[in-house]
Amino acid sequence: MKLLISEKEIETKVKQLAEEISSDYTGKTPILIGVLNGSFIFMADLVRELSIDCEVDFIKLHSYTGTRSGGTVHLLKDISADITERDVIIVEDIVDTGLTMKFFKERLEGAHPSSLSIVTLLFKKEVAQLNFNIDYIGFEIPSDYVVGYGLDYNQKKRNLKGIYVFNQDDGGNK
Ligand code: IMP
């Protein structure tokens with residue numbers, strides 16, 4: 001597999017994103033909602049770099065099998081927190097087509113938070129079809145399928161420290 005983003009580059013970017021978010025939310029206590037499973041490492045690193053108070057919750061959605069978007073988003077686990085009149089930040093590992101984010105965003109908006117913003121570590125600009133804004137983007141990447149730093153191929157490779165372009169032909173060997 002080919003290294004796309006190194007551990008060091010991720011670390012620097014996560015710190016930058018956390019600084020921006022901390023500055024934008026000064027005096028507030030946002031609730032960060034991560035999309036499982038992919039965002040668990042990004043969430044853990046991001047919240048530890050925030051200099052403001054925050055809360056954390058998770059939702060579990062599924063739209064991918066192998067390297068293909070299933071087209072339909074399934075809700076596997078809902079959030080536990082009451083987000084009405086809260087400042088909510090959605091934390092995603094990657095926005096590909098944007099289908100998952102659209103589903104999630106509309107669902108959260110139904111609960112009337114006082115504000116809703118989105119942070120994603122990775123953004124596939126060429127693939128995404130969005131009719132909404134993404135507030136914080138870590139890296140814009142090509143349309144290749146990537147793994148590592150929480151991102152999987154059939155539930156594996158999440159534990160890699162960097163982000164790699166996944167090549168099915170070589171079985172995804174590092
Ligand atoms: P979307 O709905 O097409 O934007 O896809 C979003 C979800 O699909 C993400 O939360 C990931 O779980 C998964 N996904 C999309 N692209 C990739 C990739 O390149 N590697 C690993 N997972 C991906």
Side-chain angles (χ1 to χ4, degrees), residues 1-7 9-11 13-14 17 21 31-47 56-81 83 88-110 116-174:
M1 290 190 289
K2 190 169 148 275
L3 181 67
L4 184 68
I5 308 170
S6 70
E7 190 183 349
E9 287 171 305
I10 297 170
E11 192 188 316
K13 185 63 77 178
V14 171
L17 290 170
I21 293 171
I31 176 158
L32 284 83
I33 304 183
V35 185
L36 291 171
N37 291 335
S39 73
F40 78 110
I41 295 178
F42 178 39
M43 174 73 108
D45 285 348
L46 184 69
V47 293
V56 169
D57 200 354
F58 289 94
I59 195 168
K60 188 160 184 170
L61 301 173
H62 182 67
S63 68
Y64 251 76
T65 306
T67 60
R68 294 202 134 151
S69 174
T72 311
V73 183
H74 304 279
L75 175 70
L76 303 180
K77 176 211 168 290
D78 208 349
I79 55 169
S80 323
I83 58 161
V88 174
I89 305 175
I90 298 175
V91 179
E92 252 289 27
D93 49 344
I94 187 164
V95 173
D96 184 35
T97 61
L99 194 75
T100 307
M101 186 55 76
K102 184 170 181 289
F103 174 90
F104 187 26
K105 191 174 168 290
E106 285 171 3
R107 194 174 169 88
L108 294 188
E109 276 167 349
L116 184 61
S117 67
I118 301 170
V119 53
T120 184
L121 181 67
L122 305 175
F123 181 54
K124 290 186 186 171
K125 197 179 174 185
E126 295 156 24
V127 189
Q129 304 155 350
L130 306 178
N131 57 358
F132 53 87
N133 190 39
I134 298 187
D135 306 87
Y136 309 95
I137 294 176
F139 302 95
E140 283 185 6
I141 62 164
S143 54
D144 308 294
Y145 195 85
V146 293
V147 294
Y149 196 70
L151 291 138
D152 74 308
Y153 173 71
N154 284 344
Q155 301 307 324
K156 298 193 182 70
K157 311 289 179 195
R158 294 191 196 274
N159 54 322
L160 299 175
K161 292 182 179 175
I163 293 168
Y164 295 79
V165 173
F166 184 77
N167 185 350
Q168 267 180 301
D169 301 337
D170 67 8
N173 293 319
K174 197 173 164 187

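Values below: all heavy atoms of this structure, side chains included; hydrogens, waters and symmetry mates excluded. Read the numbers this way: they start at 1 and go in the same order the structure lists the ligands and their atoms.
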(request) Would you mind checking if K157 and D152 are paired as a salt bridge, meaning a charged N to carboxylate O distance below 4.0 Å? (result)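 Looking at D152 and K157, the cut-off is not met.
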(message) With a 4.0 Å cut-off on N to O distance, would you call D144 and K2 a salt bridge?
(response)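 So D144 does not pair with K2 through a salt bridge.
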(message) Would you say NZ of K102 has more than 12 non-hydrogen atoms from neighbouring residues, nucleotides or ligands within 6.0 angstrom?
(response)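 At most 12 heavy atoms, drawn from other residues, nucleotides or ligands, come within 6.0 Å of this atom.
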(request) Go through the side-chain N and O atoms of D45 and Y149 and say whether any donor and acceptor fall under 3.5 Å apart. (result)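 There is such a pair (donor and acceptor under 3.5 Å, judged by atom type) between the side chains of D45 and Y149.
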For ligand 1, find out whether one of its N or O atoms is nearer than 3.5 Å to an N or O atom of [X].
X    : result
V95  : no
D152 : no
V35  : no

Considering only heavy atoms of [X], which atoms of ligand 1 have at least one such atom less than 4.0 Å away?
X    : value
T97  : 1 (P), 2 (O), 3 (O), 4 (O)
E92  : 10 (O)
K124 : 16 (N), 17 (C), 18 (C), 19 (O)

(message) So, taking the atom named CD1 in I41 and the one named NZ in K161, what distance separates them when rounded to the nearest 0.5 Å?
(response)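 Answer rounded to 0.5 Å: 10.5 Å.
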(message) Please determine whether any non-hydrogen atom of G38 lies less than 4.0 Å from an atom of ligand 1.
(response)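 The answer is no, since G38 has no heavy atom less than 4.0 Å from ligand 1.
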(message) Counting only heavy atoms closer than 4.0 Å, does ligand 1 sit against the backbone of V147, its side chain, both, or neither?
(response)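 No part of V147 is near ligand 1 at this cut-off.
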(request) Pick one of side chain, backbone, both or neither for how L151 approaches ligand 1, counting any non-hydrogen atom pair under 4.0 Å. (result)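 For L151, the contact with ligand 1 is made by the side chain alone.
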(message) Determine whether E109 and K105 satisfy the following criterion, salt bridge (charged side-chain N to carboxylate O under 4.0 Å, His left out), listing intermediate values before the conclusion.
(response) CA-CA 6 Å; E109 276 167 349; K105 191 174 168 290; 2.8 Å; yes
(message) Is the terminal nitrogen or CZ of K77 (NZ for Lys, CZ for Arg) located under 6.0 angstrom from the six-membered ring centre of F58 and within 45° of that ring's axis?
(response)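 Ring-cation test returns no.
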